[in-house]
Trainee: 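Questions regarding the structure given below will be posed in turn.
Values reported hereafter were calculated over all heavy atoms of this structure, with side chains retained and with hydrogens, waters and symmetry mates removed. Nothing here was measured: the structure is a model prediction, and the numbers come from that model.
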Amino acid sequence: MDSLQGRKMSVFPSLVFTVLFLHSVVNAERFNTRFLLADNATRGHRHAEEYCAMYDICGTRSDGKVLNCPVGSPSVKPDDLLSAKIQSLCPTITGNVCCSEMQFDTLRSQVQQAIPFLVGCPACLRNFLNLFCELTCSPNQSQFINVTSVSKVGNNSTVNGIDFYIIDAFGEGMFESCKDVKFGTMNTRAIEFIGAGATNFKEWYAFIGRRADLGVPGSPYAINFLPNAPEELGMRPMNVSTYSCGDTSLGCSCGDCPSSTACSNSALPSPPKKSSCSVRIGSLKAKCVEVAVAILYIILASVFLGWGFIHKKRKRSPTYRTKPLVNVPNSGIIRRANSQKDENIPMQMLEDVPQINSGVQLSIVQGYMSKFYRRYGTWVARNPVLVLFASVFLVLVLCLGLIRFQVETRPEKLWVGPGSRAAEEKQFFDSHLAPFYRIEQLIIATVQDTAHGKAPSIVTESNINLLFDIQKKVDAIRANYSGSMVSLTDICMKPLGNDCATQSVLQYFKMDPQNYDSFGGIDHVEYCFQHYTSADTCTSAFKAPLDPSTALGGFSGNNYSEASAFIVTYPVNNENDKESNGTKRALAWEKAFIQLAKDELLPMVKSKNLTLAFSSESSVEEELKRESTADVITIVISYLVMFAYISLTLGDVPRFSSFYISSKVLLGLSGVVLVMLSVLGSVGFFSAIGVKSTLIIMEVIPFLVLAVGVDNMCILVHAVKRQQVELPIEGRISNALVEVGPSITLASLSEVLAFAVGSFIPMPACRVFSMFAALAVLLDFLLQVTAFVALIVFDFLRAEDNRVDCFPCIKASGSNADLDKGSQQQKPGLLSRYMKEIHAPILNIWAVKLLVVCAFVALALASIALCTRIEPGLEQQIVLPRDSYLQGYFSNISEYLRIGPPLYFVVKNYNFSSESGQTNQLCSISQCDSNSLLNQIARASLVPESSYIAKPAASWLDDFLVWLSPEAFGCCRKFTNQTYCPPDDQPPCCSPDDGPCGLSTVCKDCTTCFRHSDLQNDRPSTAQFKEKLPWFLSALPSADCAKGGNGAYSTNVELKGYEEGIIPASAFRTYHTPLNKQADYVNSMRAARDFSSKMSDSLKIDIFPYAVYYTFFEQYLNIWRTALINLAIAIGAVFFVCLVITCSFWTSAIILLVLAMIVVDLLGVMAILNIQLNALSVVNLVMSVGIAVEFCVHITHAFLVTSGDRNQRMREALTTMGASVFSGITLTKLVGVLVLCFSRTEVFVIYYFKMYLALVLLGFLHGLVFLPVILSMFGPPSRCILIEKQEDRPSTSSQF
């Protein structure tokens, strides 16, 4: 779920290196400035070749920054050692110089802070060094440097300001070569650190030349960069040539120089934008598929109406006659029927009636089923007690499994299959690298101003003080776990020391309220918004820069001051083992955190007229648990309403004088109990074998089974009531089962198969639902034909014995003769009369038939066109109770979030040996392949609208190679004993207690790990790589070397087994763009997988993308495929069962057509109601097949075994089964569904109320309107045939 993860991004340290770099720039400039400070008026300053404007160091500011001497003197010839040193750093400086050895050492120590940022792009680094080399040491310094201001430090004059004349072409060239250079640790550009995010060279110059206040990073004197020098003074602007980043001799990688010619040729083609085909008709714009469907419908409707007109005309012709079939086919079993049918008893199956002259030709399967049901019905009627107790006992045995009943509420176990790719990749990531950290989050936002139409800024003094108060309360949380108290500092993530990596604007004050005034209050916050990468005072307490976009929300572009929300994120350590003490400690703290937010923080924030949204890692799971009980009352009321209706439906037409006997409340209640037992038996069985239940099962399956079971109950009871009174109860039960048993069996088996196919769905929630539902429907069917038939026997015996319903021990006074006549002689009910006298005659009108077919085909085709509008996904707010605190949180995330979730590209089995060449296939610095993985990621980030990649990736490999580089002389160093030597500003080289770090005696003999000659094309050998990688991952980043891997990459590389030359797992971190809709999550995952697949194929390296939310959204990548396959299998299973039982392809095809139309129309309704396609809707769609079978099978079967022409048979089928289907499933389901609209959870309203209501209405319309019309026009021939009377025919009973 989690767009939540987007907040975590800047947690990973990527440190205050920025600030340090500025120091270096400043110091270098100071030296230059000193020379310039030589006031022309006092020193007779000369601007000529081989003359200096500044030379040596004449003073130090109180903050330790050195100041140059404003000396206008000739340049100096350095000794050989100094000359060699200068040449190594400044190859353009030859001969005399304008810098002393102390000046050069200071320059070198300070530019080393910038080198790690730029060394990956040699052209940029060379241009950058040339600027400061010329400024500091050029022998012609006075020609382009003019000291404009001098200040006194002690007794010495020092430079306080200079004019630096330099051609614009140099600035333009330097900026162009550096503007795209990446700083991987922070997933950003190096210019953000060394140029404060400058967008052109003039802004960069302004940043470099700004005179810094005391204690603030920057130049100790002002530098004014000017393009035109006063030639009359003998001056001319500095004109050193620059190197293009695409220069072949100093070439940069494609990631650092995407404009390079070599790189543009290898760029990945941008994914084609999805352009939906559309047609404009006047002012109306329609999709091509809609226009095509409309044209198709016009053609089909025209052909059909033309056929209808011709057919009707032919039918009126005297030559058009139907010829009834009078011969008995050679195969099949004949079931005889009374030729003198009572019109109210269309299929009386009596054994010894002499007037039999017609029969029903059954398929072999139906014949055997009829024989079985005749004998079985007689046996049940004679042994009802045995059947009732035996069947209930067996189900109760299954219910014993409920002892092991468990409900699965963990989202990753509900929606992610164990064999899914996302699950396997998550398991790989968690086990080989580290599980993603837990997120606790607060969002404090201002209320929108209705007058101005936008929310005011959150960045005010009172709001920051409120934030300090909130932080104080959060820090004070003490959660009790097993007797120990857990605080935030016990569980939080601490990447670089002892401080939590909390993402909050309070980090600009080091999380200390006492720093608020001393740092400058609100002005300091706004200063840090622009200088968070460069100002030391803006560095977080956990020693890393804090990107404002991670702590603010509701702003546009980089206008952080306009932000309308504070976003406070607490990253908490996570563990693979969810039952570990670490996880349980975190859960205990999260529970206390949420309680604090509800009880104290919310009132605090509201009192300031602000809003508060909050969440913890465990919030969704906890709220889902609460949701399981939120609608218990609604569901119970729904079931009670259905039960009440069932009781009325099963009874006879109420008459005041005998309603207490003719009613069937007890029978209805018993039927509902049997339905519940079937559900409990199913749950018990699967619980016994270790399958956990889900909330969907507990809330939906009883509903489903009740809907299906009630239909069977109504059909069975009505079938028994249709039998002749003269028959004994055994005969009535037997005949009733023969009449409706095959259709009930057909429908139930079809439903069981339709649900069983869902067990092939990889999504656990759907698979488990389908398994439970299939067994529950099967058990319900078995109980219907056993226990419920026995209960019918008891109920009819009760009524015949004149005993009161619900109180069978009480016998009513008087005779039951009137009751027998009224109820047992089957006086047609209201629904039956409606079906026979109104509904069927209307549908028999030829014009109505044509209209019905045209209307339903139009509905189906329109639904097909609308299906393209259905989007995959499941909005998180829908699943949660309406009163959940997460409702506001998810809304705020979508509204305020300005950065997306972290995205990792994981490389398996990276072979770092020098022979493999995989290093250059992955990295993105100089000499890396142009189509390397990291270069292509950087390229993809340039088209975020299609790639969904926001930034270039943070690359441990790039930083490691730079860290190793001899140019980064402050990084990889070694003592004389060959052990690791840290940078000069880290212990033991530098101790904070010893004052400012200078040249340490402890580390004075440290040397770089390698010389250029030690490397092969600037790449380490296999042994060098193996030896130095652990050094890199343990190296702390600092001012002197920003590339240390500790913290930033500690969990990005797996070292286990790397001694063999293979790194089993490593990850390169970037970020997705902000994802606000479900479609964004799905499309971003698809784009990342497509990108990884292309890269894997291209590089022959196993690469996959990973983000926390992938496990939950993988289902939507192929949700359409999953839905269509399962629907096809479900409908196909129904077709197969129908074909086997009826042996009629014609009949089965009609049922198949109606089922398909119901499903397609339901999809169309989903599109209209904006219902998304997800696990719930797929379950509902599969379930719709099972329920739709009830609408089709009974009426089709009745039509098949009824005599007469098609119109007569359609009328008889509606009269016989239409009332049972309408009352047994349509109205029962309808009254139960209507109650769900009052649910407190949106998921019930959308996926159960709306979809179920649509399903019931569509099933009713197709089953009782469209299907009868189709049967009357194109139905299969009747199975009723004429039989010639024979004197010596065998006993009819032998033919069943």
Trainee: Which atom names give the shortest non-hydrogen contact between Pro1020 and Leu961, and what distance separates them?
Mentor: CD-CD2, 3.7 Å

Trainee: What is the minimum heavy-atom distance between Ala198 and Arg189, and which atoms define it?
Mentor: O-NH2, 4.5 Å

Trainee: Evaluate the ring planes of His1072 and Tyr1110, with Trp represented by its six-membered ring, and classify them as parallel (under 30°), tilted (30 to 60°) or perpendicular (over 60°).
Mentor: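 It falls in the tilted class, 30° to 60°.
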
Trainee: Taking the side chain as every heavy atom from C-beta outward, state whether Met174 and Leu131 have any pair of such atoms under 4.5 Å apart.
Mentor: yes

Trainee: Quick check against the 3.5 Å criterion: does Tyr205 have a side-chain atom that pairs as donor or acceptor with the backbone of Gly171?
Mentor: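 Checked: pair present.
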
Trainee: Is there a donor-acceptor pair closer than 3.5 Å between any side-chain N or O of Lys1100 and the backbone N or O of Asp1097?
Mentor: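 Yes; at least one donor-acceptor contact below 3.5 Å.
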
Trainee: Report yes if the side chains of Val962 and Ile925 come closer than 4.5 Å at any heavy-atom pair, otherwise no.
Mentor: yes

Trainee: Would you confirm whether the ring centroid of Phe1025 sits within less than 6.0 angstrom of the ring centroid of Phe960?
Mentor: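 Under 6.0 Å, so yes.
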
Trainee: Pro983 versus Gln986: any side-chain heavy-atom pair under 4.5 Å?
Mentor: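 Result yes, sub-4.5 Å side-chain heavy-atom pair found.
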
Trainee: Below 2.5 Å, is that where the SG pair of Cys245 and Cys257 sits?
Mentor: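 Cysteines Cys245 and Cys257 qualify as a disulfide pair, their SG atoms being under 2.5 Å apart.
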
Trainee: With a 4.5 Å limit on heavy-atom distance, are the side chains of Thr199 and Lys179 in contact?
Mentor: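 No, their side chains stay 4.5 Å or more apart.
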
Trainee: How long is the gap from CG on Leu1015 to CZ on Phe1010, to the nearest 0.5 Å?
Mentor: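 Leu1015 CG to Phe1010 CZ: 6.5 Å, rounded to 0.5 Å.
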
Trainee: For Asp959 and Trp956, indicate whether the former's side chain and the latter's backbone hold a donor-acceptor pair under 3.5 Å.
Mentor: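 Flag not set: sc Asp959 to bb Trp956 has no pair under 3.5 Å.
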
Trainee: In terms of SG positions, are Cys133 and Cys90 separated by less than 2.5 Å?
Mentor: yes

Trainee: side-chain contact (heavy atoms from CB on, under 4.5 Å) between Asp984 and Arg973: does it pass, once the steps are laid out?
Mentor: CA-CA 10 Å; Asp984 284 330; Arg973 308 196 306 170; 2.8 Å; yes

Trainee: Could you please spell out the steps behind the side-chain contact (heavy atoms from CB on, under 4.5 Å) verdict for Asp105 and Lys85?
Mentor: CA-CA 9 Å; Asp105 287 341; Lys85 284 183 177 181; 4.0 Å; yes

Trainee: Nearest 0.5 Å, what's the OH-CD distance between Tyr980 and Glu1027?
Mentor: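 Between Tyr980 OH and Glu1027 CD, I get 13.0 Å after rounding to 0.5 Å.
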
Trainee: Looking only at the SG atoms, are Cys989 and Cys981 under 2.5 Å from each other?
Mentor: no

Trainee: Can you see which heavy atom on Val1053 is nearest to which on Leu1033, and at what distance?
Mentor: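 Nearest pair, atom of Val1053 first, then Leu1033: CB-CD1, 4.1 Å.
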
Trainee: Determine, for Asp958 against Lys1043, whether the closest basic-nitrogen to carboxylate-oxygen distance falls under 4.0 angstrom.
Mentor: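 Between Lys1043 and Asp958 there is no salt bridge, as every charged N stays at least 4.0 Å from the carboxylate O atoms.
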
Trainee: Go through it in stages, so that I can follow the logic: the residues are Ser1038 and Asp985, the test is side-chain hydrogen bond (donor to acceptor under 3.5 Å, both in side chains), and I'd like the CA-CA distance, side-chain angles, deciding distance and then a yes or no.
Mentor: CA-CA 7 Å; Ser1038 64; Asp985 58 353; 2.8 Å; yes

Trainee: Measure the distance from the SG of Cys99 to the SG of Cys137 and say whether it is below 2.5 Å.
Mentor: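 Judged by the SG atoms alone, which are under 2.5 Å apart, Cys137 and Cys99 are bridged.
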
Trainee: Between Asn935 and Asp929, is a side-chain contact (heavy atoms from CB on, under 4.5 Å) present by the stated rule, with each step listed?
Mentor: CA-CA 8 Å; Asn935 278 332; Asp929 294 349; 5.9 Å; no

Trainee: Quick one: CH2 on Trp963 to SG on Cys972, what's the gap to the nearest 0.5 Å?
Mentor: 3.5 Å

Trainee: So His1012 and Asp1014, do their side chains get closer than 4.5 Å, heavy atoms only?
Mentor: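 No, their side chains stay 4.5 Å or more apart.
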
Trainee: Donor-acceptor pair, distance only, cut-off 3.5 Å: does the side chain of Asn1017 make one with the backbone of Arg1019?
Mentor: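 Looks like no, no N/O pair under 3.5 Å.
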
Trainee: With side-chain contact (heavy atoms from CB on, under 4.5 Å) as the criterion, how do Leu125 and Ile115 come out once you've worked through the C-alpha distance, each side chain's angles and the decisive distance to 0.1 Å?
Mentor: CA-CA 7 Å; Leu125 179 62; Ile115 287 175; 3.9 Å; yes

Trainee: Please examine the side chains of Ile194 and Phe117, heavy atoms only from C-beta on, and report whether any two atoms are closer than 4.5 Å.
Mentor: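 A side-chain contact exists here, since the closest heavy-atom pair is under 4.5 Å.
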
Trainee: Just to verify, which of Glu1054, Lys908, Gln427 counts as forming a side-chain hydrogen bond (donor to acceptor under 3.5 Å, both in side chains) with His432?
Mentor: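 Among the candidates, only Glu1054 passes.
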
Trainee: Say whether, by atom type as modelled, one donor and one acceptor occur between the side chain of Ser932 and the main chain of Cys923 under 3.5 angstrom.
Mentor: yes

Trainee: A side-chain contact here means heavy atoms from C-beta on lying under 4.5 Å apart; do Leu934 and Lys182 qualify?
Mentor: no

Trainee: Please answer whether the main-chain N or O of Ala123 pairs with a side-chain N or O of Asn127 as donor and acceptor at a distance below 3.5 Å.
Mentor: yes

Trainee: Is a side-chain donor or acceptor of Ser1050 paired with a backbone partner of Gly1047 at a separation under 3.5 angstrom?
Mentor: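 Confirmed, Ser1050 side chain pairs with Gly1047 backbone.
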
Trainee: Is there a donor-acceptor contact under 3.5 Å from the side chain of Ser1093 to the main chain of Arg1089?
Mentor: no

Trainee: Which heavy atom of Ser916 sits nearest to which heavy atom of Asn911, and what is that distance?
Mentor: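 Result for this residue pair: OG-O, 2.7 Å.
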
Trainee: Is the Phe1104-Phe428 ring centre distance short of 6.0 angstrom?
Mentor: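 Yes, ring centres under 6.0 Å apart.
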
Trainee: Salt bridge or not for Asp430 and Lys426, using N-O below 4.0 Å?
Mentor: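 Salt bridge: yes.
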
Trainee: Any chance the rings of Phe1091 and Phe905 have centres within less than 6.0 Å?
Mentor: yes

Trainee: Apply the test ring pair (Phe, Tyr, Trp, His ring centres under 6.0 Å) to residues Phe1068 and Tyr904: give CA-CA distance (whole Å), side-chain angles for both, the deciding distance (0.1 Å), then the verdict.
Mentor: CA-CA 5 Å; Phe1068 302 97; Tyr904 296 86; over 10 Å; no

Trainee: Apply the test side-chain hydrogen bond (donor to acceptor under 3.5 Å, both in side chains) to residues Ser955 and Tyr1049: give CA-CA distance (whole Å), side-chain angles for both, the deciding distance (0.1 Å), then the verdict.
Mentor: CA-CA 9 Å; Ser955 168; Tyr1049 302 121; over 6 Å; no

Trainee: Less than 3.5 Å apart, any donor N or O on the side chain of Tyr1109 or Ser1084 sitting next to an acceptor on the other?
Mentor: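 Yes - a donor-acceptor pair under 3.5 Å links their side chains.
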
Trainee: Can you name the nearest heavy-atom pair linking Arg126 to Leu89, along with the distance?
Mentor: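 Here Arg126 and Leu89 meet closest at NH2-O, 2.7 Å.
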
Trainee: Answer yes or no: does atom CG of Asp80 have more than 12 heavy-atom neighbours from other residues, nucleotides or ligands under 6.0 Å?
Mentor: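 Counting other residues, nucleotides and ligands, CG of Asp80 stays at 12 neighbours or fewer.
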
Trainee: When you measure from the side chain of Ser1096 to the backbone N and O of Ile1103, does any donor-acceptor pair fall under 3.5 Å?
Mentor: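 Indeed, once roles are kept as given, a pair shorter than 3.5 Å links the two residues.
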
Trainee: When you compare the side chain of Lys951 with that of Ile949, does any pair of heavy atoms fall below 4.5 Å?
Mentor: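 Heavy-atom side-chain distance check fails, nothing below 4.5 Å.
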
Trainee: Only one of Pro987, Pro988, Cys1006, Cys1041 forms a side chain to side chain contact (heavy atoms under 4.5 Å, CB included) with Pro982, so which one is it?
Mentor: Pro988

Trainee: Is it true that Gln1016 and Ser1021 share a donor-acceptor pair across their side chains at a distance under 3.5 Å?
Mentor: no

Trainee: Tell me the closest heavy-atom pair linking Ser241 and Asn130, and the distance in Å.
Mentor: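 For Ser241 versus Asn130, the nearest heavy atoms are O-ND2, 4.4 Å.
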
Trainee: Is there a donor-acceptor pair under 3.5 Å between the side chain of Thr539 and the backbone N or O of Lys543?
Mentor: no

Trainee: Dump the intermediate steps for salt bridge (charged side-chain N to carboxylate O under 4.0 Å, His left out) on Arg421 and Glu424, then the final yes or no.
Mentor: CA-CA 5 Å; Arg421 173 181 166 183; Glu424 292 174 354; over 6 Å; no

Trainee: So, taking the atom named SG in Cys1009 and the one named NZ in Lys974, what distance separates them when rounded to the nearest 0.5 Å?
Mentor: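 So the gap between those two atoms works out to 6.5 Å.
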
Trainee: Let me confirm one number: the CD1-CG distance from Ile1063 to Asn1052, rounded to the nearest 0.5 Å.
Mentor: 11.5 Å

Trainee: Roughly how far, to the nearest 0.5 Å, is OG1 of Thr136 from CZ of Phe132?
Mentor: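 Taking CZ in Phe132 and OG1 in Thr136, the distance rounds to 8.0 Å.
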
